[in-house]
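Below is one structure; the comments refer to it alone.
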Amino acid sequence: SNRILCISISAEPQTAFVIPLGGQYTDVTHLSMSNIHTSFDPSFRGALRDIWSVSGLTTVISLLKDIFESDVPKYGQNAQFDAGFLRRKLDVTVRGFVFDTMLAHHLIQEDPPHNLEHLRASYTSLPPYDMDIKQWTREFAYSPGIVPDEILWAYSAADADCERRVYGELRDQLTRHTTSGWWLLHEVAMPLQRALAYSVSQGVPIDTEHMDSLRAQIIDKIEEVESA
């Protein structure tokens, strides 16, 4: 039931673009934040306000396909998750995803956290920008669909700008003194992430006959142990 409300992209620091696909739930546009929290529980899902005509939305998705399915290098924070959403919801296959800031930070600093809020504080001069959306969603317990468009879009734009800034800093760190970190990211971590994403999307073949044989062996072993 999850839907894509908007997509944000950034090609350079301090610049971001937001492409809205749907607006705030029509059921709550006339309600205040406190009234929404009083009237609905976190499981509430409403009808998204139409931003585009049917033909307009088709055109927007076609343009998004041109961008995301191009060979232009792309980066993001745990972006295979977003790529999976685009594939399932819009039939858009992301190509050229070459740099994941979460994986890159893990190579630089093994211990968590690796979330974007931590990376924002560590590598950028951006102030915290999620206070408003956290208030509306109660720390994301509620769907972002209850959030007024201008608040959601501002947050989404800041997210994209933050990821672009973090990317630049981590890229420089991975290449400043040695190429081993860069090699590890591109030759090991990113290919493994793509393989995992493919497995999640397509499934993994299972030898059912061998699985049945193993099950029988385990049952025999359990019976042997219990009778000992």
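FYI, side chains are in, hydrogens and waters are out, and symmetry mates aren't considered; it's all heavy atoms of this structure.
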Just how far is it from atom CD of Glu169 to atom CG of Leu119, taken to the nearest 0.5 Å? 11.0 Å
Determine, for Asp161 against Arg165, whether the closest basic-nitrogen to carboxylate-oxygen distance falls under 4.0 angstrom. yes
Could you pull out all donor-acceptor pairs under 3.5 Å where a side-chain atom in residues 46-61 meets a protein atom, sequence neighbours excluded?
residue: Arg49; atom: NH2; partner: Asp149; partner atom: OD2; Å: 2.3
residue: Trp52; atom: NE1; partner: Pro20; partner atom: O; Å: 2.7
residue: Ser53; atom: OG; partner: Ser55; partner atom: OG; Å: 3.3
residue: Ser53; atom: OG; partner: Gly56; partner atom: N; Å: 3.0
residue: Thr58; atom: OG1; partner: Val54; partner atom: O; Å: 3.0
residue: Thr59; atom: OG1; partner: Ser55; partner atom: O; Å: 3.1

Is the closest side-chain donor-acceptor distance between Ser156 and Asp159 under 3.5 Å? no
Enter the distance from Arg215:CZ to Thr208:OG1 here, rounded to the nearest 0.5 Å. 9.5 Å
Can you tell if the side chain of Leu5 reaches within under 4.5 Å of the side chain of Trp153, non-hydrogen atoms only? no
I'd like to know whether CG of Asp91 has more than 12 heavy-atom contacts from other residues, nucleotides or ligands below 6.0 angstrom. no
Side-chain contact test, heavy atoms from C-beta onward, threshold under 4.5 Å: evaluate it for Ile7 versus Phe17 and give yes or no. no
Quick one: closest heavy-atom pair of Pro148 and Gln24, and the distance? N-NE2, 3.5 Å
Could you give all pairs that pass the salt bridge (Lys or Arg N to Asp or Glu O under 4.0 Å) test and reach residues 122-131, with sequence neighbours left out? Asp130-Lys134
Just checking, any donor-acceptor pair under 3.5 angstrom between side chains of Tyr75 and Arg164? yes
Interatomic distance, CD@Gln135 vs NE2@His37, rounded to 0.5 Å, equals 9.0 Å
With the side chain counted from C-beta on, respond yes when Ser227 and Glu223 share a heavy-atom pair under 4.5 Å apart, and no when they do not. no
Taking every heavy atom of Ser8 against every heavy atom of Val18, the minimum-distance pair comes out as CB-CG2, 4.1 Å
According to a 4.5 Å side-chain heavy-atom criterion applied to Ile, Leu, Val, Met, Phe, Trp and Tyr, with indirect links allowed, do Phe85 and Leu196 form part of one hydrophobic cluster? no
Please identify each residue that fulfils side-chain hydrogen bond (donor to acceptor under 3.5 Å, both in side chains) with Arg88, with sequence neighbours left out. none
How long is the straight-line distance from OG1 of Thr179 back to CG of Leu185, given to the nearest 0.5 Å? 12.5 Å
Does any donor atom in the side chain of Tyr25 or Ser143 lie under 3.5 Å from an acceptor atom in the other side chain? yes
How many angstroms lie between OG in Ser39 and CG in Leu31, if you round to the nearest 0.5 Å? 5.5 Å
Validation: residues 96-110 side-chain donor-acceptor distances under 3.5 Å, sequence neighbours left out:
residue: Asp100; atom: OD1; partner: Asn78; partner atom: N; Å: 3.0
residue: Asp100; atom: OD1; partner: Met102; partner atom: N; Å: 2.8
residue: Asp100; atom: OD1; partner: Leu103; partner atom: N; Å: 3.4
residue: Asp100; atom: OD2; partner: Asn78; partner atom: N; Å: 3.3
residue: Asp100; atom: OD2; partner: Ala79; partner atom: N; Å: 3.3
residue: Asp100; atom: OD2; partner: Gln193; partner atom: NE2; Å: 2.9
residue: Thr101; atom: OG1; partner: Gly76; partner atom: O; Å: 3.2
residue: Thr101; atom: OG1; partner: Gln77; partner atom: OE1; Å: 2.5
residue: His105; atom: ND1; partner: His114; partner atom: ND1; Å: 2.8

Arg3 side chain reached by Lys89 side chain, heavy atoms, under 4.5 Å: no
Quick one, Leu90 with Leu21, criterion side chain to side chain contact (heavy atoms under 4.5 Å, CB included). Give me CA distance, side-chain angles, the key distance, then yes/no. CA-CA 11 Å; Leu90 302 182; Leu21 299 181; 3.9 Å; yes
Take Tyr123 and Leu170 through the side chain to side chain contact (heavy atoms under 4.5 Å, CB included) test and state the conclusion after the steps. CA-CA 8 Å; Tyr123 296 103; Leu170 296 181; 3.7 Å; yes
Quick one about Ser213 and Gln217 (side-chain donor to acceptor, distance below 3.5 Å, no hydrogens or angles considered), yes or no? yes
Check whether any side-chain heavy atom of Cys6 lies under 4.5 Å from a side-chain heavy atom of Ile19, and answer yes or no. no
Could you give all pairs that pass the salt bridge (Lys or Arg N to Asp or Glu O under 4.0 Å) test and reach residues 61-74, with sequence neighbours left out? Lys65-Glu69
If you count the non-hydrogen atoms of other residues, nucleotides and ligands that lie under 6.0 Å from CD in Glu150, is the total more than 12? yes
Does any non-hydrogen side-chain atom of Arg120 lie less than 4.5 Å from one of Pro128? yes
How long is the straight-line distance from OG1 of Thr124 back to CG of Leu116, given to the nearest 0.5 Å? 8.5 Å
Tell me, with the steps shown, if Val147 and Tyr155 meet side chain to side chain contact (heavy atoms under 4.5 Å, CB included). CA-CA 11 Å; Val147 180; Tyr155 167 78; over 6 Å; no
With heavy-atom distances below 4.5 Å as the criterion, would you say the side chains of Ile146 and Phe44 are in contact? yes
Tell me whether Val72 shares a hydrophobic cluster with Phe68, the cluster being built from Ile, Leu, Val, Met, Phe, Trp, Tyr side chains joined at under 4.5 Å. no
What heavy-atom pair brings Ala160 and Ser10 nearest, and what distance separates the two atoms? O-CB, 3.5 Å
With the side chain counted from C-beta on, respond yes when Leu86 and Ile4 share a heavy-atom pair under 4.5 Å apart, and no when they do not. yes
Around atom CD of Gln14, are there more than 12 heavy atoms from other residues, nucleotides or ligands closer than 6.0 Å? no
Please tell me whether Tyr142 and Phe40 form a close aromatic pair, meaning their ring centres lie under 6.0 Å apart. no
Members other than Ile206 in its cluster, when Ile, Leu, Val, Met, Phe, Trp, Tyr link by side-chain heavy atoms under 4.5 Å? Met211
